[in-house]
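Step one of this worksheet: look at the structure below.
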Amino acid sequence: MTDVPRDKQLRIVFFLETMALGGSEVQACDVGLRLARRGHKVSFACFSMKGPLAESVREVQTKVFPLRSLMSLEACVQLKAFVTYLRRERVDVVHAHDLYSNLFAVPAARLARVPVVVSSRRDLSNWSWYTPRRRGILRYVQERGTHVLANAEAIKRNLVEQDGFYPGGIAVIHNSIDIQRFQTPPSPRHKVIPGAPPGEKWIVLVGNMNSVYRHGSESFKGHLDLVRAATIVCAKAPYARFVLVGDGGVRGAIEEAAQQAGLTGKFSFLGLRRDIPELLSCCDIAVLPSHAEGLPNALLEYMAASLPIVATNVGGIPEVVEHDRTGLLVPPRSPDALAAAILRLIADEELATRLARGARRRAEEFSFDRQLCALETLYRSPSSHMRGRGASLRRLAFSKMMPDQR
């Protein structure tokens, strides 16, 4: 990888809420480390360094600004500390990567007069936090920065149509995947699931088991749809096994649903894992039955691992998966359609092989070099964001007069 000339090097701060093992966090750490290796001075800042990814960023500077609530005196203290840090380090770019880092880091960066302030949206704003009033506050904060970054065109459309953002201030840069990590020979299955019978077809879903609804029990990744689809699949293909990778607050509900469906022996829950390439090398089919998505890392990982894919036609997924060429697309919340697509791949090995090859070729278009070049251009580009700010402020003022619909 070519080093950046000294006069082009930037001092960049990536702000994350935590170092948890999530899609945004993994992508940010990978990108930040690669920018550092290109010659930029990159540091990571967060509210807590606890999490599996903390060790992976030790080669660069890390700073912790401990904070449990943005609505506290502690937040003012940490905000002042972060502003002081940015001024002392003469930072060129602050890039906030998730919801709470947007709300904290963008105002601090503006107070510190950081030249480039990038906030991020990586979901369709469909979980319980996003009440109309909070969406208005978040929009106001993000418009104080110089750029809003989305990882899918679907997210950009949502921001413009639902939140009234000025489209010229939103950049879209897709996620990236390290294809070389997924060029691995198949791992022995008995090391993944001891005692699993030979000859099984393994259908894998990689996704956190969290709910978008307050006090809800349904995963937005569609795990319960997969359980319902599995009853159909296993009736016709009893040698199918469903391998679920991930964890979260609704895992218990998913396990209970599988048990009530009589599928306990057909589902394997592996929890959070760091050996995703090795796990995927054991599998035959990959699924992503999400109800809403930006551009999920799991999808790129499936493609890099040369797996035939069944995914729902939502959010940014169709920006990556072309039906019947790089995977099969099905409607969301449709277990019947999901089951039919899985059974089609089980029955037609030629189709599965063709889609897997198409997926692999498509994954090659999502290289880190492409993303790094796009980010460097963004970090050096003047903002056109201000041109849309007046209209957005008028919309915000109107929204404050409206009741807070929850």
Side-chain angles (χ1 to χ4, degrees), residues 186-211 217-273 275-291 296 298-299 301-302 305-312 327-328 330-349 351-353 355-356:
S187 297
R189 283 186 166 184
H190 66 86
K191 292 185 177 180
V192 178
I193 304 175
E200 289 185 327
K201 283 284 186 179
W202 284 16
I203 299 107
V204 65
L205 167 55
V206 178
N208 288 332
M209 300 175 184
N210 297 313
S211 174
S217 61
E218 186 172 8
S219 161
F220 77 97
K221 293 289 185 181
H223 288 88
L224 294 182
D225 292 336
L226 183 62
V227 173
R228 298 181 188 110
T231 62
I232 302 171
V233 172
C234 291
K236 297 183 178 181
Y239 45 87
R241 175 182 292 272
F242 293 84
V243 180
L244 273 54
V245 182
D247 209 344
V250 299
R251 175 172 171 172
I254 300 166
E255 291 178 330
E256 183 179 355
Q259 183 178 12
Q260 291 180 350
L263 297 171
T264 302
K266 296 296 182 180
F267 272 78
S268 297
F269 293 82
L270 304 187
L272 293 174
R273 301 288 292 255
D275 57 341
I276 298 299
E278 291 74 23
L279 289 178
L280 295 183
S281 74
C282 298
C283 298
D284 302 290
I285 296 169
V287 296
L288 194 64
S290 301
H291 299 163
L299 196 61
E301 292 170 348
Y302 296 164
S306 299
L307 286 173
I309 296 166
V310 179
T312 45
L328 299 178
V330 298
R333 302 179 183 272
S334 179
D336 289 347
L338 181 61
I342 293 171
L343 287 168
R344 184 182 172 195
L345 291 177
I346 290 175
D348 192 340
E349 292 189 8
L351 171 65
T353 299
L355 293 179

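To the nearest 0.5 Å, the span separating CE on M209 from NZ on K221 amounts to 11.5 Å. Atom CG in N208 sits 12.0 Å away from atom CZ in R251 (nearest 0.5 Å). In this structure, the separation between SG on C234 and CG on L263 is 5.5 Å, given to the nearest 0.5 Å. Going from atom OG of S219 over to atom NE2 of H291 covers 7.5 Å, rounded to the nearest 0.5 Å. Rounded to the nearest 0.5 Å, atoms CD1 (I285) and SG (C283) are 10.0 Å apart. Note that CG of N210 is 6.5 Å distant from CZ of F220, once rounded to the nearest 0.5 Å.
Results of the side-chain contact (heavy atoms from CB on, under 4.5 Å) test with L244 over I203, I254, L270 single out I254 as the only residue that passes. Each of L288, L299, L345 was compared with I309 under the side-chain contact (heavy atoms from CB on, under 4.5 Å) criterion, and only L299 meets it.
In plain terms, the two heavy atoms of S187 and C282 that are nearest each other are O-SG, 3.3 Å. In plain terms, the two heavy atoms of L338 and P289 that are nearest each other are CD2-CB, 3.8 Å. Residues A356 and S306 come closest through the heavy atom pair CB-O, 3.3 Å. Annotation for G271 and V245: closest pair O-CG1, 3.6 Å, computed over non-hydrogen atoms. Of all heavy-atom pairs between P335 and A229, the closest is O-CB, 3.4 Å. Shortest non-hydrogen contact noted between L226 and F267 is O-CZ, 4.3 Å.
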side-chain contact (heavy atoms from CB on, under 4.5 Å) between V233 and F242: does it pass, once the steps are laid out? CA-CA 10 Å; V233 172; F242 293 84; 4.0 Å; yes
Test log, rule side-chain hydrogen bond (donor to acceptor under 3.5 Å, both in side chains), inputs Q259 and E255: CA-CA 6 Å; Q259 183 178 12; E255 291 178 330; over 6 Å; no
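Screening residues 227-237 for side-chain hydrogen bond (donor to acceptor under 3.5 Å, both in side chains) gives D225-R228 as the qualifying pairs, with residues at least two apart or on separate chains.
Distance alone, capped at 3.5 Å, places no donor-acceptor pair between the Y302 side chain and the L280 backbone. Checking side-chain atoms of T312 against main-chain N and O of S290 turns up a donor-acceptor pair under 3.5 Å.
The side-chain contact (heavy atoms from CB on, under 4.5 Å) check on R344 picks up D324, L328, L351, with sequence neighbours excluded. Residues that satisfy the side-chain hydrogen bond (donor to acceptor under 3.5 Å, both in side chains) test with D284, not counting sequence neighbours, are R189. Every residue two or more places apart in sequence or in another chain that forms a side-chain contact (heavy atoms from CB on, under 4.5 Å) with D336 is listed here: I232. Every residue was checked against the salt bridge (Lys or Arg N to Asp or Glu O under 4.0 Å) condition with D348, not counting sequence neighbours, and none meets it.
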Pair up each side-chain donor or acceptor in residues 191-202 with any protein partner under 3.5 Å, not counting sequence neighbours, and list the distances.
residue: E200; atom: OE1; partner: W202; partner atom: NE1; Å: 2.9
residue: E200; atom: OE1; partner: R241; partner atom: NE; Å: 2.7
residue: E200; atom: OE2; partner: R241; partner atom: NE; Å: 3.4
residue: E200; atom: OE2; partner: R241; partner atom: NH2; Å: 3.3

